K.L.:
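Just passing along the structure, written as structure tokens.
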Amino acid sequence: MPCMPLAARAGAWLLRAWLCGAVLQAGAARAAPPALPSALRSPALVTPKALQAVMLAVARAGSRLVAVGERGTVLLSDDNGKAWRQAQVPVRATLAGLCFADAQQGWAVGHLGVVLRTSDGGQTWTRQLDGVQAAQLALQAAQSAPDEVEQRSAQQLLEDGPDKPFFDVVCLDGQRAIAVGAYDMVFATDDGGRRWRPMHKALAQRQGVHLYAIRQVGGRLFIAGEQGLLMRSDDGGASFQRLETPYKGSYFGLLASPTGAVVAYGLRGNAYRSADQGQTWAQVRTGVTEGISAGVARSDRSLALLSQDGQVLSSRDDGMTFSRQASVAMPAAGLAEAASDAGLIVAGLRGLRVLPSSP
């Protein structure tokens with residue numbers, strides 16, 4: 001059972017593809033869940049080398065920038081990316097995504113099914129969920145309903161061990177969040193993360209594919225994943241329906257425009273835009289052939305996309321067209337706005353880089 005088709009993730013996208021690690025093959029059924037690996041029992045190592053660590057995502061928490069990456073590394077900056085310091089993190093699992101509901105409250109997710117919570121703007125974190133707990137919760141939910149297929153799937157998840165990552169998380173507010181990941185994993189909380197629940201049944205059609213991104217656009221939620229998968233929820237995540245799009249390759253992310261249009265982007269520079277909440281889609285010419293790994297809506301109402309080879313694309317017409325704005329000389333995975341007049345922050349293979357605003 002391969003983690004994901006790495007051949008389709010050539011280039012910098014491998015930075016996120018390898019998050020699955022070496023998938024543990026399912027063996028005979030075990031009476032007890034597998035023990036937690038050391039990466040979930042040991043805090044992230046505090047070291048000056050963290051400033052050069054592989055970083056996979058970056059986001060704003062009020063005026064602060066927070067970036068996450070390999071081996072539980074979390075970096076903070078309060079001066080728009082000029083200087084960074086390392087946060088205290090209780091795990092050494094690689095972190096792939098994060099979100100903030102406000103300047104203080106946020107979540108980060110990643111390898112080994114880990115979900116972390118912060119209430120102080122990313123300075124300290126607590127572990128709320130891991131792959132073992134997620135599998136146990138999925139099995140409990142499946143056993144409460146007469147669905148043998150769901151029960152077998154949950155049992156297999158438990159037997160596999162905590163090998164499946166979460167890739168992204170969306171903050172609906174300070175109490176509600178939804179995390180998505182490998183093989184249709186969807187978990188949600190309504191109480192600040194004290195309890196997490198599986199939401200697999202909310203998916204109208206289980207695809208068994210990786211879910212790479214989740215975003216809120218207006219009052220709706222969108223999920224993007226492998227094999228051209230895009231889904232939308234009109235009821236706050238209680239149910240998701242699949243959307244038809246012209247593209248059958250993987251979507252890596254979603255971007256909302258100032259007018260509420262949605263841009264879905266992914267492999268080989270492909271991007272598609274919908275101005276009607278996903279009913280119809282039009283291809284966006286990006287001018288790049290590398291996969292697009294991240295995007296951000298800027299305070300000046302422009303949009304920016306980031307390709308895996310470090311090209312930054314900009315749109316000033318609500319995402320209908322993009323042109324090259326700048327580049328950074330490293331494989332890149334994450335993007336955020338520093339401040340309205342302080343450029344962009346790029347996260348990638350060799351840490352974090354600041355791209356100044358265009359004159």
Side-chain angles (χ1 to χ4, degrees), residues 4-13 16-17 167-168 170 180-184 186 202-234 237 239-297 302-309 311-325 332-333 335:
M4 65 176 69
L6 293 181
R9 311 291 185 273
W13 184 246
R16 300 187 73 174
F167 290 119
D168 198 15
V170 63
V180 298
Y183 301 109
D184 283 337
V186 184
L203 308 182
Q205 295 175 309
R206 294 287 299 275
Q207 305 292 322
V209 300
H210 304 312
L211 309 177
Y212 289 128
I214 180 168
R215 290 289 181 273
Q216 187 174 34
V217 183
R220 296 177 172 87
L221 289 166
F222 289 81
I223 290 176
E226 285 186 313
Q227 300 175 19
L229 179 65
L230 287 178
M231 292 183 287
R232 189 188 71 202
S233 173
D234 299 330
S239 62
F240 285 86
Q241 302 296 324
R242 180 157 188 167
L243 302 172
E244 293 299 322
T245 75
Y247 183 58
K248 301 306 177 185
S250 291
Y251 290 110
F252 295 150
L254 297 157
L255 182 58
S257 81
T259 65
V262 182
V263 179
Y265 52 85
L267 277 175
R268 302 183 183 92
N270 281 287
Y272 289 81
R273 180 182 182 273
S274 175
D276 54 12
Q277 297 298 309
Q279 297 302 315
T280 60
W281 297 83
Q283 187 170 14
V284 178
R285 302 295 179 183
T286 65
V288 298
T289 57
E290 293 290 331
I292 300 174
S293 56
V296 65
S302 67
L303 303 177
L305 294 175
L306 175 69
S307 69
Q308 296 168 351
D309 62 350
Q311 299 293 320
V312 176
L313 315 174
S314 180
S315 172
R316 296 190 175 277
D317 58 7
D318 206 51
M320 290 187 287
T321 62
F322 283 84
S323 59
R324 297 192 189 195
Q325 173 187 331
L335 186 68

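As the structure is a computational prediction, the values presented were derived from the model and not from experiment.
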K.L.:
Could you check if a side-chain atom of L229 sits within less than 4.5 angstrom of a side-chain atom of H210, using non-hydrogen atoms only?
P.N.:
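No, too far: nothing below the 4.5 Å cut-off.
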K.L.:
Please report the closest heavy-atom contact between S293 and A332, naming both atoms and the distance.
P.N.:
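That closest heavy-atom pairing would be OG-O, 3.2 Å.
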K.L.:
In Å and rounded to the nearest 0.5 Å, what is the CZ to CD distance from R242 to E244?
P.N.:
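Interatomic distance, R242 CZ to E244 CD, rounded to 0.5 Å: 6.5 Å.
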K.L.:
When you compare the side chain of Y272 with that of L230, does any pair of heavy atoms fall below 4.5 Å?
P.N.:
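No - every pair of side-chain heavy atoms lies 4.5 Å or more apart.
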K.L.:
Roughly how far apart are D234 CG and F240 CZ, rounded to 0.5 Å?
P.N.:
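Separation between the atoms: 9.5 Å.
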K.L.:
Output all residues satisfying side-chain contact (heavy atoms from CB on, under 4.5 Å) with R324, sequence neighbours left out; order by chain, then residue number.
P.N.:
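For R324, the residues satisfying side-chain contact (heavy atoms from CB on, under 4.5 Å) (neighbours in sequence not counted) are V288, Q311, L313.
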K.L.:
I need the Q216 CD to S233 OG distance, nearest 0.5 Å.
P.N.:
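Between atom CD of Q216 and atom OG of S233 there are 10.0 Å.
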K.L.:
Calculate, to the nearest 0.5 Å, the distance between atoms OG and CZ belonging to S239 and R232 respectively.
P.N.:
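Result: 10.0 Å between the selected atoms.
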K.L.:
Quick one: pull up CE in M231 and CZ in F222 and give me the separation to the nearest 0.5 Å.
P.N.:
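Reported to 0.5 Å precision, the distance equals 12.0 Å.
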K.L.:
Restricting to non-hydrogen atoms, name the atom on V180 and the atom on L211 that form the minimum distance, rounded to 0.1 Å.
P.N.:
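Closest approach of V180 to L211: CG2-O, 3.7 Å.
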K.L.:
Could you tell me which residues satisfy side-chain hydrogen bond (donor to acceptor under 3.5 Å, both in side chains) with T289, sequence neighbours excluded, listed by chain and number?
P.N.:
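So T289 forms no side-chain hydrogen bond (donor to acceptor under 3.5 Å, both in side chains) with any residue.
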K.L.:
Going by atom type alone, with no hydrogens or angles, which donor-acceptor pairs under 3.5 Å involve a side-chain atom of residues 251-267 and a protein atom two or more places apart or on another chain?
P.N.:
from	atom 1	to	atom 2	distance (Å)
Y251	OH	T245	OG1	3.0
S257	OG	T259	N	3.3
S257	OG	T259	OG1	3.1
S257	OG	G260	N	3.4
S257	OG	A261	N	3.0
S257	OG	D318	OD1	2.9
S257	OG	D318	OD2	3.2
T259	OG1	D318	OD1	3.1
T259	OG1	D318	OD2	2.5
Y265	OH	G295	N	3.1

K.L.:
Measuring from D184:CG to E226:CD, what's the distance to the nearest 0.5 Å?
P.N.:
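Result: 10.0 Å between the selected atoms.
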K.L.:
Any side-chain heavy atom of W281 within less than 4.5 Å of one from R273?
P.N.:
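No, side chains not in contact.
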K.L.:
With S315, which of L305, T286, L303 fulfils side chain to side chain contact (heavy atoms under 4.5 Å, CB included)?
P.N.:
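Among L305, T286, L303, the one meeting side chain to side chain contact (heavy atoms under 4.5 Å, CB included) with S315 is L303.
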K.L.:
Between S314 and A304, is there a donor-acceptor pair closer than 3.5 Å when you use the side chain of the first and the backbone of the second?
P.N.:
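Judged by distance alone, no pair lies under 3.5 Å.
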